Amino acid sequence: MKVKAAIRTELGKPLVIDYVDLAPPKANEVLVKIGASGVCHSDLNSLNDPTLRLPNILGHEGSGIVVEIGANVKSVKVGDKVALSWIPYCGVCLFCKNGQVHLCETAFGPIFDGTLLDGTSRLSKDGETVYHDSVLSTFAEYAVVSEMSCVKIPDQMPFAQAALLGCGVATGYGAAVYAAGVTAGSSVAVFGIGGVGVNAIQGARIVGASKIIACDLKDQNLEIARKYGATHTINVGKEDVVEALKELTGGYGVDFAIDATGNTNATVSAWLGTRRGGTTVAVGWFNPNKEVNIPAKAFHRQAKTLKGSLYGNINPLRDIAILAQLYLDGKLLLDELILEKISLDEINNALDSFHDCNCVNVGRSVVMFE
């Protein structure tokens, strides 16, 4: 079938809106009519990533309707509304058997190769291969994806809000609830108030943390953080954040700190602002040439935990559906995360907005296909 899509044809250049050919799903795959796709900062990173094959179709936050299923598909049927997950998992590898499905290695080779799970692409143009992004490619009217990327959600879940569940919302919420293990009545610091950080705040709020401290350089972001559940704010450019965190917690430091900045210096501050026996979680993507330098003095006596978190340590098939219900129950704020609804033709403007330092990017532009 012919499908309108935003195609990455050159490194770092604007996406080209054109038609590509989409082959039908194979036995374990699903054809989804995309209803909405979030535009994530990671899409900008992918636009400029020289390791990704060209041409390809970006997009890894999506929702839609199942319109065709392969012969072996059992978990969804035609007509189901689904949110899409960019980490499908196998269920039988070491990580899956240990309950760490977010670490399943099944998807990562295909993600880097620009294919679906079987190592081939369903996309082409003029007889030449077009590659996938994150085994999804949601910047298109339709997508063929793995059955394990499809999470059935309630029919009343709107497409735009559902599209957000598969990346930033799940990553932030899971970083608080699963990776950090935030508990009721605890104190939590969240560094970096963006699309992931505000959802870490939401996760902490939903589980009942009593003190949620937003840490950022921008006063406007800190004000936004309060809407999502922050009880206190610290402008890290104006205050000594470690001392401020200790002052807010009786001199001890917070029980849990979550760094969503991707800045190694922020991770160190988060660690230093965490109390003895507490947990610090790093979510952001670090520059691989940087190092996280933690003081070694009396390290063992601190009894603290520093850990990384991929995809919020979630189980996508379980947790994306939980997040959808939390939204429908009025407990998870998603409407507020939608900065604007745009057409596919406007997608380059949305990507360009990430370059505007004065633009408030606590949320997403969402491409609507309906």
Side-chain angles (χ1 to χ4, degrees), residues 8 11 25-30 32 37-38 40-62 70 75 82-123 129-140 143-151 165-175 178-179 195-196 260 262 281-290 307-320:
R8 177 177 173 261
L11 179 66
K26 294 186 178 181
N28 297 305
E29 296 171 352
V30 177
V32 176
S37 178
C40 175
H41 197 281
S42 295
D43 295 313
L44 179 65
N45 295 339
S46 295
L47 183 71
N48 296 291
D49 188 343
T51 68
L52 298 180
R53 298 165 97 172
L54 290 168
N56 66 334
I57 296 174
L58 302 180
H60 62 280
E61 290 186 342
S75 62
V82 293
L84 301 178
S85 167
W86 62 275
I87 299 187
Y89 56 91
C90 69
V92 296
C93 71
L94 171 68
F95 301 103
C96 288
K97 287 189 289 188
N98 286 338
Q100 298 170 304
V101 299
H102 61 290
L103 298 180
C104 177
E105 296 177 318
T106 299
F108 288 98
I111 284 174
F112 296 136
D113 290 339
T115 68
L116 295 184
L117 296 184
D118 70 346
T120 65
S121 173
R122 302 295 161 272
L123 296 161
T129 298
V130 175
Y131 294 97
H132 296 263
D133 176 65
S134 299
V135 295
L136 294 180
S137 292
T138 59
F139 290 171
V144 170
V145 303
S146 165
E147 175 184 10
M148 297 302 288
S149 285
C150 292
V151 183
L165 298 179
C167 184
V169 173
T171 297
Y173 174 89
Y178 297 120
V196 172
V281 176
V283 185
W285 188 279
F286 291 140
N287 180 329
N289 298 316
K290 298 288 186 178
K307 62 195 301 187
S309 174
L310 174 66
Y311 209 3
N313 293 30
I314 67 164
N315 178 323
L317 293 185
R318 176 195 67 198
D319 293 308
I320 289 176

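Remember, it's a predicted structure, so these values are computed and weren't measured experimentally. Residues take their numbers from the sequence shown, with the count starting at 1.
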Does either side chain, that of Thr51 or that of Arg53, offer a donor lying less than 3.5 Å from an acceptor on the other one?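 There is no such pair between these side chains.
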
Going by distance alone, is a donor N or O of one side chain under 3.5 Å from an acceptor N or O of the other, for Tyr178 and Asn315? no

Least distance between heavy atoms, [X] atom then [Y] atom:
X      : Y      : result
Gly62  : Thr138 : CA-CG2, 3.9 Å
Ser149 : Val135 : OG-CG2, 4.4 Å
Lys307 : Ala179 : NZ-O, 2.9 Å
Leu52  : Arg8   : O-NH1, 3.5 Å
Leu123 : Tyr131 : CD1-O, 3.9 Å
Thr129 : Ser121 : CG2-CB, 3.9 Å

Quick one, [X] and [Y] - any side-chain contact, counting heavy atoms below 4.5 Å?
X      : Y      : answer
Pro25  : Val144 : yes
Phe139 : Asp43  : yes
Ser85  : Tyr311 : yes

Under 3.5 Å, is there a donor-acceptor pair between the side chain of [X] and the main chain of [Y]?
X      : Y      : value
His132 : Arg122 : yes
Ser134 : Leu136 : no
Ser137 : Ile57  : yes
Ser309 : Val283 : no

With rounding to the nearest 0.5 Å, note down the distance linking [atom1] in [X] to [atom2] in [Y].
X      : Y      : atom1 : atom2 : result
Ile87  : Ser146 : CD1   : OG    : 12.5 Å
Leu165 : Leu84  : CG    : CG    : 10.5 Å
Leu116 : Glu29  : CG    : CD    : 5.0 Å
Cys90  : Met148 : SG    : CE    : 8.5 Å
Tyr89  : Leu117 : OH    : CG    : 13.0 Å
Cys40  : Trp86  : SG    : CH2   : 9.5 Å

Taking only distance into account, with no hydrogens and no angle test, what donor-acceptor pairs under 3.5 Å do side-chain atoms of residues 98-112 form with protein atoms, sequence neighbours excluded?
from  : atom 1 : to    : atom 2 : distance (Å)
Asn98 : ND2    : Leu94 : O      : 3.3

Using the rule given for side-chain contact (heavy atoms from CB on, under 4.5 Å), can you reason through Thr120 versus Thr115, listing the C-alpha separation, both sets of side-chain angles and the distance that settles it, and then say yes or no? CA-CA 5 Å; Thr120 65; Thr115 68; 5.7 Å; no

